[in-house]
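Written out below as structure tokens is the structure these notes cover.
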Amino acid sequence: MLFNTNIRLTLPVVCFVWQIAMIILFGVFIRYDEESDTHWVETKAHDNITSDIENDFYFRYPSFQDVHVMIFVGFGFLMTFLKRYSFGAVGFNFLIASFGLQWALLMQGWFHSLDPQTGKIFIGVESLINADFCVAGCLIAYGAVLGKVSPVQLLVMTLFGVTLFAVEEYIILNLLHARDAGGSMVIHTFGGYYGLAISRVLYRPNLHQSKRMQGSVYHSDTFAMIGTLFLWMFWPSFNSAITDHGDGQHRAVINTYLCLASTVLTTVAISSLSQKTGKLDMVHIQNSTLAGGVALGTAAEFMISPYGALIVGFFCGIISTMGYIFISPFLEKTLKIQDTCGIHNLHAMPGVIGGIVGAITAAAASESVYGKQGLINTFDFTGDFKDRTVLTQGGYQAAGMCVSIVFGVVGGAIVGSILKLPIWGDPADENCFDDEVYWEVREPEHQESIPPILEYNNHMIHKQQDL
Amino acid sequence: MLFNTNIRLTLPVVCFVWQIAMIILFGVFIRYDEESDTHWVETKAHDNITSDIENDFYFRYPSFQDVHVMIFVGFGFLMTFLKRYSFGAVGFNFLIASFGLQWALLMQGWFHSLDPQTGKIFIGVESLINADFCVAGCLIAYGAVLGKVSPVQLLVMTLFGVTLFAVEEYIILNLLHARDAGGSMVIHTFGGYYGLAISRVLYRPNLHQSKRMQGSVYHSDTFAMIGTLFLWMFWPSFNSAITDHGDGQHRAVINTYLCLASTVLTTVAISSLSQKTGKLDMVHIQNSTLAGGVALGTAAEFMISPYGALIVGFFCGIISTMGYIFISPFLEKTLKIQDTCGIHNLHAMPGVIGGIVGAITAAAASESVYGKQGLINTFDFTGDFKDRTVLTQGGYQAAGMCVSIVFGVVGGAIVGSILKLPIWGDPADENCFDDEVYWEVREPEHQESIPPILEYNNHMIHKQQDL
Amino acid sequence: MLFNTNIRLTLPVVCFVWQIAMIILFGVFIRYDEESDTHWVETKAHDNITSDIENDFYFRYPSFQDVHVMIFVGFGFLMTFLKRYSFGAVGFNFLIASFGLQWALLMQGWFHSLDPQTGKIFIGVESLINADFCVAGCLIAYGAVLGKVSPVQLLVMTLFGVTLFAVEEYIILNLLHARDAGGSMVIHTFGGYYGLAISRVLYRPNLHQSKRMQGSVYHSDTFAMIGTLFLWMFWPSFNSAITDHGDGQHRAVINTYLCLASTVLTTVAISSLSQKTGKLDMVHIQNSTLAGGVALGTAAEFMISPYGALIVGFFCGIISTMGYIFISPFLEKTLKIQDTCGIHNLHAMPGVIGGIVGAITAAAASESVYGKQGLINTFDFTGDFKDRTVLTQGGYQAAGMCVSIVFGVVGGAIVGSILKLPIWGDPADENCFDDEVYWEVREPEHQESIPPILEYNNHMIHKQQDL
């Protein structure tokens, strides 16, 4: 039995064992940081902090909640567009994000904030945001394999995805000292290529056997718009959640807000151009309108200037929509990459654009625009990096992008091979994109909409046939 | 006519009379507090407050908005899972919450913050949060009787529910001086038992007559996930909304965030175990994933430590899901409690667990962990309570939980008896769970999905039959 | 061909050209303000600002995000109620809001904040809120013509709408110095009459030809409740988003919260009264429950007192629901105004009420209630207006309302005439309210719910017919 989708043993075991492992590791490593510990009253006195409002919580909590909504409602509902995979979309998204954020707190803690003296990781609201960010990378990858894998595979994919993420993030942000507050490179480029590489390894030549389940119905497309809009609206919070207090957060919000608005118009334009009578395609509106947020992940905190943000959005809308029209079919046919949600167009390509935009705008930064102290603050030219020039910074930004691509592709290829083992309970080709494989669906699909009056009529028909 | 569902007289009368009563009572009692009054400029000068940002508004408003979303979208949409009761779920939830919050401002004001000199209640953002909390108790109770009562009954239930809530809250928080920032006891335990007791009194032996209306359809389950996710995502705001400024809010968020993540994994594990081939059940995913938030309502602000939060979530996911599998059928069969949404598994049981966790963690608190001032701040060992030990505090916490159970059960039994009077317009057994009783539903159910082509065919059939 | 709905040329051209114009104009005019610029570190030092948290970002960003949700999810989903126009509702809303906010930043900038020295417009978070507000006016107008116009017409309507908005806003807020923080006059009255006037000019005598597409289905009504609730819940943020820091924002939230709660009860009462057996109508619940928020747009920041807010809500619920029952049919029949969403009842009438309430409460303001400095702060009696009395202020408030009506009616009439030109690709009467005109809908309507088993049966029928 190559396709035994019984996961009654594997899924509970993985959930229990991993969750118990989390508890043990949290017990050993994770503690409250000084702003979330009851000793903060002493810290305040010691550091001469006059008001509770200076707690980092008040700078970041509203953004955190927005990011949290993006992760669970945004990504979850964006993937409900398939006519019969809404439970899997929103439910498995929920499951893997919940596991992933715990593992991310540990992995990111070990790499970024392990206290050398105590051997502990101290967490606060910024850690929670970073954990959500890390999870986002894995949810992006889920988009490529949506409907074709089992929840156990998704959990495995998340375990390795978070691990790889923490390492590449450490290399890019700490060793290369690249800036990437909204994660164009670290989150979207990595997550995109990670998912695409996995999907390539798991290529299903006979996927057309489940063709009847692909595509959307009217209400599933409407559900997906909930995901789209919450991602779109809260993307300014995403890109500003961990930028510098004050002008850093303020500017990242303005840039992302403008960039996304611009993306919507060009997405609509290209979508309309692509159809004979100018009709719009919901796939483009659901996805490509978000490309601008991805592409401003690196440069949102820079002085890219409002019209600069508009320009980035302008081109992203065009490129992403064209990706759905031209590149996705090409990838599937030629490169054998089956990309259910089109993450190549929404995350991978715009992520690379974001990395390039970041490198260029960093290299072009100047003291006259940023101010002396502003330049130091924005690029964190302090400590070991205090003598770095903006040109060098641009180079390191570009290097960072290469790192994220390499980690995505190579990591995805390896993890894909693991997921190819015939032990994970993935569905047969003819059962892909069907919630009935992993969910108790109360009415079987073909009965859902039989109204009583018709059942009666069917009855009549049979009687007639009997005659 | 035992089941006259005509509410054209009663519903408008109740709405008008009660709303007018609210206006009069607000006119007599309710005023802006000093932070929302135009005189704040003088208060600021007098108290040497240097910045507007020190207004409590900025500490609590983001949390308030999240709580507000939980009350109206969270509770409302969570209950839309029934195939044909979405209007009632989200609409009546809207109605009773809107009435309840006004009445709660008065009741909580009289008990907690009536100014003895002026005889006025001064309200600010924290009052709004508390009113929303109070309403939550009644919405929980609604879950037990969903689909079986009229909107008039729901309003009556809310009137008494808010009243009982304010009294038990006063006893638990003020007299016993128990801590319960997220309301494990005050909100969830009380609300849960209140609803269950009412449902017991209103037991319908022939409820199976509306069996065809019970259960969900595909899209109604997807709608319910909107409710689930907004509750889940914003629960950290719920448990931290009225905790201490600074580290208190910060810590409550971290604990709740972690606890809920852990709950998701064990819920999935048990749900999968409960089915032959390991399929997941949407009922569990929609509800049991939230149990961890309930159970951390009391202890969220304590130094329960991150791994402690994970442990609470771990067990809550298991217990709540098992509740749906084993306890709910038992309650219905043996104790004659028909619990539409399973609030026993989502609120009552986890609420009690939360009370116990709170009592234990309070009793185990120590100066070495909390710091001297931290201990005083966390448990508010000031004024009359300045000599209380943590062990005593643990005892009072446990006593508080008993109070909430007693108020829920006894209050619910009495209110249930009132609601049994045959004057409230509740539906007949065969009409339960059907929106057509109280809503103008444009298409009758059996016509909704007749596509034109089929109508044509039906026509054909009839013609054939005529032949 | 009067009704050529091919927009493959016009829509992309308009999107591209206008977006490029935006980029150029932003390049010339728009810059970061001092709180979002990297030079803020110098501003802070210069102005002796001690903490980053004093950045206006932290006062307004949570409110901004709520407003943003109202614009895109609130307005978008509120309009999804039609059975087959959800894509158009949420999708075109998305498109015109994204264009409108860019154009609003420019128009409002030129009129309100053009720096005379540099010729630049400096933007920050408050500018983003104002841009969203400006867009709201156009989205209200969209409600009147929903389903009857092409996306190109909507874009034209938005271009002129934003322009008119900026001018009337300048007259009302700057020249007349009226207060209108939540936009009862500036946003709702203007937007309402603007849309109604356009709808009048575009009157379609044969609209009954698309009667089968009017009205809702069960799930489309549930989707619309998502819009309703997010508007309702976040309206306190809307009315407080740009009020004074501190008590101003705090008070506006309390007033709006109370007013809206009161509206829900009277809406339910009148809705129930309007039907033979007291059944509720979703149209009323979806719309009239929001009227209180509209009507408190001007007075929310005043000392209207909590019971005053309840009274406003009380009457608005009644009037708005009665509007749906009596006035809308009258408008359609007698005045030939076809108002798809009933914006007359939700925005225009409550907006006028809001203007009147604002004028009266302003005229009745007194130093004894507000305090000397409080009065000055609330009505901004400074500079040129420092000697204005509250009575005069009341008069100017009333004048402001007249300005907004005139701009709405006259502006709408003119813009309507432009939209009547037969070049915009609007749908024929029999194709109104149908997404298939402008969207790729994967299944044609009549096939959506044909389950396989029925297709088989149909097959059978045909065979029988053949016999």
Side-chain angles (χ1 to χ4, degrees), chain A residues 53-54 58-59 62 66 215-219 221-222 225-226 229 232-234 237 245-247 249-251 253-254 257-258 261-262 264-266 268-269 272-273 275 277-282 285 289 303 306-307 310-311 314 370-371 373-374 377-378 446-450 454 458 461 464-465, chain C residues 5-8 11-12 15-16 19 22-23 26-27 30 32 35-42 51-53 55 57-58 61-62 65 68-69 72-73 76 80 86-87 90-91 94-95 98-99 101-102 123-125 128 219 223 438-443 448-449 451-454 457 460-461 464:
Chain A
I53 200 106
E54 309 257 345
Y58 300 103
F59 288 90
D66 292 350
S216 59
V217 291
Y218 196 69
H219 282 163
D221 265 328
T222 312
M225 281 305 290
I226 297 174
L229 288 177
W232 194 92
M233 296 180 304
F234 289 166
S237 297
H245 289 176
D247 64 289
Q249 290 192 280
H250 205 149
R251 189 168 54 254
V253 161
I254 294 172
Y257 170 92
L258 291 173
S262 174
V264 173
L265 271 90
T266 52
V268 166
S272 178
L273 270 178
Q275 300 284 347
T277 59
K279 290 189 185 187
L280 299 174
D281 189 327
M282 274 308 254
I285 308 301
T289 50
M303 293 287 284
Y307 76 93
L310 290 182
I311 292 172
F314 186 90
Y370 284 74
Q373 191 59 41
N377 290 348
T378 306
H446 59 279
Q447 283 179 10
E448 174 179 28
S449 42
I450 300 184
L454 285 178
N458 294 342
I461 298 165
Q464 288 176 34
Q465 291 177 314
Chain C
T5 60
N6 188 332
I7 48 171
R8 197 184 178 187
L11 184 59
C15 286
F16 274 128
Q19 186 57 55
M22 288 302 114
I23 291 173
F26 268 61
I30 306 270
Y32 303 118
E35 295 187 301
S36 56
D37 190 287
T38 43
H39 290 87
W40 195 53
V41 60
E42 295 154 27
S51 165
D52 282 322
I53 200 105
N55 194 305
F57 181 77
Y58 300 103
Y61 189 61
Q65 276 297 6
H68 217 40
V69 171
F72 290 90
V73 163
T80 59
S86 301
F87 294 0
V90 81
F94 194 15
L95 170 64
S98 295
F99 166 70
L101 61 86
Q102 299 177 53
I123 62 169
V125 66
L128 306 191
H219 282 163
F223 276 117
Y438 302 115
W439 296 87
E440 282 293 308
V441 181
R442 267 152 198 85
E443 15 56 294
E448 174 180 29
S449 42
I453 189 173
L454 285 178
N457 285 332
M460 284 298 108
I461 298 166
Q464 287 176 36

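Letters A, B, ... are given to chains in the order of the sequence lines, protein chains preceding strands, and every chain is numbered from 1.
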Check whether any side-chain heavy atom of [X] sits under 4.5 Å from a side-chain heavy atom of [Y], and report yes or no.
X        : Y        : value
C/Phe223 : C/Val90  : no
C/Thr80  : A/Met225 : no
A/Arg251 : A/Met303 : yes

Less than 4.5 Å to any heavy atom of chain C: does that hold for the side chain of [X], its backbone, both, or neither?
X        : answer
A/Glu54  : side chain
A/Phe59  : both
A/Ser262 : both
A/Ser237 : both

Just wondering, more than 12 heavy atoms not from A/Tyr370 lying within 6.0 Å of its OH?
->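 Result for OH/A/Tyr370: enclosed.
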
Given C/His219 and A/Thr222, is the side chain to side chain contact (heavy atoms under 4.5 Å, CB included) satisfied, shown in steps?
-> CA-CA 10 Å; C/His219 282 163; A/Thr222 312; over 6 Å; no

In terms of heavy-atom pairs under 4.5 Å with chain A, which of C/Phe26, C/Tyr58, C/Phe16 leads?
->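 It is C/Tyr58.
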
What residue, out of C/Ile7, C/Thr38, C/Asn6, has the most heavy-atom pairs lying under 4.5 Å from chain A?
->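 Option with the top pair count is C/Thr38.
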
Heavy-atom pairs under 4.5 Å with chain C: which of [options] has the most?
options                                : answer
A/Ala261, A/Pro62, A/Gly374, A/Gly215  : A/Ala261
A/Ile226, A/Ile53, A/Asp281            : A/Ile226
A/Thr266, A/Thr378, A/Asp66, A/Asn377  : A/Asp66
A/Leu258, A/Asp221, A/Leu273, A/Thr289 : A/Leu273

C/Phe72 portion near chain A, given a 4.5 angstrom heavy-atom threshold =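 Contact with chain A: backbone and side chain both.
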
Parallel, tilted or perpendicular: ring planes of C/Phe57 versus C/Tyr61, cut at 30 and 60 degrees |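 If you compare the ring of C/Phe57 with that of C/Tyr61, the planes turn out parallel.
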
Main-chain N/O of C/Glu35 paired with C/Asn55 side-chain donor or acceptor, under 3.5 Å =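 Confirmed, C/Asn55 side chain pairs with C/Glu35 backbone.
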
Using modelled atom types only, decide if a donor and an acceptor are shared between the side chain of C/Arg8 and the backbone of A/Thr277 within a distance under 3.5 Å.
->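 Looks like no, no N/O pair under 3.5 Å.
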
